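One structure below.
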Protein chains: 2
Amino acid sequence: MGSYESKYELNGKQFYCPIELSVSILAGRWKSTIICELLQGKKRYGELKKNILNINHKMLAEQLRELESAGIIQRHVYPVVPPKVEYELTALGEGLRPAVEHLRQWGMYFKADDAEESQTVAEDVKEVF
Amino acid sequence: MGSYESKYELNGKQFYCPIELSVSILAGRWKSTIICELLQGKKRYGELKKNILNINHKMLAEQLRELESAGIIQRHVYPVVPPKVEYELTALGEGLRPAVEHLRQWGMYFKADDAEESQTVAEDVKEVF
DNA sequence: CGGGATCCACCGCGATACTG
DNA sequence: CAGTATCGCGGTGGATCCCG
């Protein structure tokens, strides 16, 4: 803490804190959902399309390409007809698992807190951590 | 897993997964930075403004109001002249600490991996987890 | 089956200015 | 010292089309 010398970069954007970097990678409209899917294992394009409700073709392809160029996921193309393409987390992407699990916990905590707006619930759920 | 029945909401937006919710809260341009600052303790508006490089007045005020309405931070106004206002994490906001720490770890991991593009480094840093 | 391009609406975010 | 209002650009993301 204290020094702002070291910078973090993604594409053209500069960040002063590693957390900004991490968040900016997860922040695309469907990125976290895709990562969740792939945390369950390697999947085909069509599987992802089917599992992720309301996503359209362009968005899925685009978000996948962005995750790939960030080094989070890896693309495996099988030279067959009809085409078969699988996506899989890299070691870097796998490293997101603990962070993602905590975000999931917190999201549930948030919902519970939100639903009852009472402090007692907040205290109860806090025990999870 | 399996059921997409329960929904998560923030403002008008619906999410099917708690992680989307969490990420959408952290995703504002300066949100994670502000949260980092406040994880170090209660701070005045001017302190935040001074510590967060390149943020402008309007953005700081706006992001603070959004975090407040999400229930992440709390605003304390002292009725004095000149005005004195302090911001502090709520219990809900404090609950983000573990997730944020993991994101910080991963951001550093990402940078190291990025810098040397060698697999050995990725393996080394992976031991952190 | 999976990928790419085009078009366009919306809103996030930044600059600037005015208020008590 | 802190907050709010206005304006405008640019990027994000959704619909829709064509391709091998």
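Computed over heavy atoms, backbone and side chain alike; hydrogens, waters and symmetry mates excluded. Being a predicted model, the structure only gives us computed values, none of them experimental. Just so we're on the same page: letters track the sequence lines, and every chain starts at 1.
- Each of dC13(C), dG13(D), dC1(D) was ranked by its minimum atom distance to the side chain of R44(B); first place goes to dC1(D).
- In this structure, CG of L53(B) is placed 17 Å from C1' of dG14(C), rounded to the nearest angstrom.
- M59(A) has its CE atom 10 Å from the P atom of dA15(D), to the nearest Å.
- Rounded to an integer number of Å, the gap from E62(A) CD to dG3(C) P is 13 Å.
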For a side-chain hydrogen bond (donor to acceptor under 3.5 Å, both in side chains) check, start with the C-alpha distance between Y87(B) and E37(B), then their side-chain angles and the critical distance, and finish with the verdict.
CA-CA 10 Å; Y87(B) 293 89; E37(B) 286 291 318; over 6 Å; no
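- Of the candidate nucleotides dA15(D), dG2(C), dG13(D), dG2(C) has the atom nearest to the side chain of V85(A).
- For I55(B) and dC13(C), the CD1 to P distance is 10 Å, given to the nearest whole Å.
- Comparing W30(A) and P83(A) by the nucleotide of DNA chain D whose heavy atom lies nearest to each, the residue mapping closer to the 5' end is W30(A).
- Within the 4.0 angstrom heavy-atom criterion, base atoms lie near K58(A).
- The distance from the CD atom of E66(B) to the CD1 atom of I25(B) is 11.0 Å, given to the nearest 0.5 Å.
- The existence of a salt bridge linking E68(B) and R65(B) is excluded, since no basic side-chain nitrogen approaches an acidic carboxylate oxygen closer than 4.0 Å.
- Between N56(A) and dG14(D) there is no side-chain N or O to OP1 or OP2 distance below 4.0 Å.
- To the nearest angstrom, P of dG4(C) lies 12 Å from CG of L60(A).
- Taking the centre of each ring, H57(A) and Y45(A) come in below the 6.0 Å mark.
- At the heavy-atom level, A61(B) lies under 4.0 Å from base atoms of the strands shown.
- One atom, CZ of R75(B), and another, P of dA2(D), lie 10 Å apart when rounded to the nearest Å.
- If you measure from atom CD of E66(A) to atom P of dG11(D), you get 13 Å, rounded to the nearest angstrom.
- Contacts of K13(A) with the nucleic acid, taken as non-hydrogen atoms under 4.0 Å apart, involve only primed sugar atoms and P, OP1 or OP2.
- Taking atom CZ of residue R29(A) and atom C1' of nucleotide dC10(C), one finds them 14 Å apart after rounding to whole Å.
- Note on Y78(A): nothing from the nucleic acid sits closer than 4.0 angstrom, heavy atoms only.
- Considering only side-chain N and O atoms, Y87(B) lies under 4.0 angstrom from the phosphate OP1 or OP2 of dG3(D).
- Within the 4.5 Å cutoff, side-chain heavy atoms of C36(B) are placed close to those of I19(A).
- Among the atoms of the strands shown, only primed sugar atoms or phosphate atoms (P, OP1, OP2) are found under 4.0 Å from some heavy atom of Q63(A).
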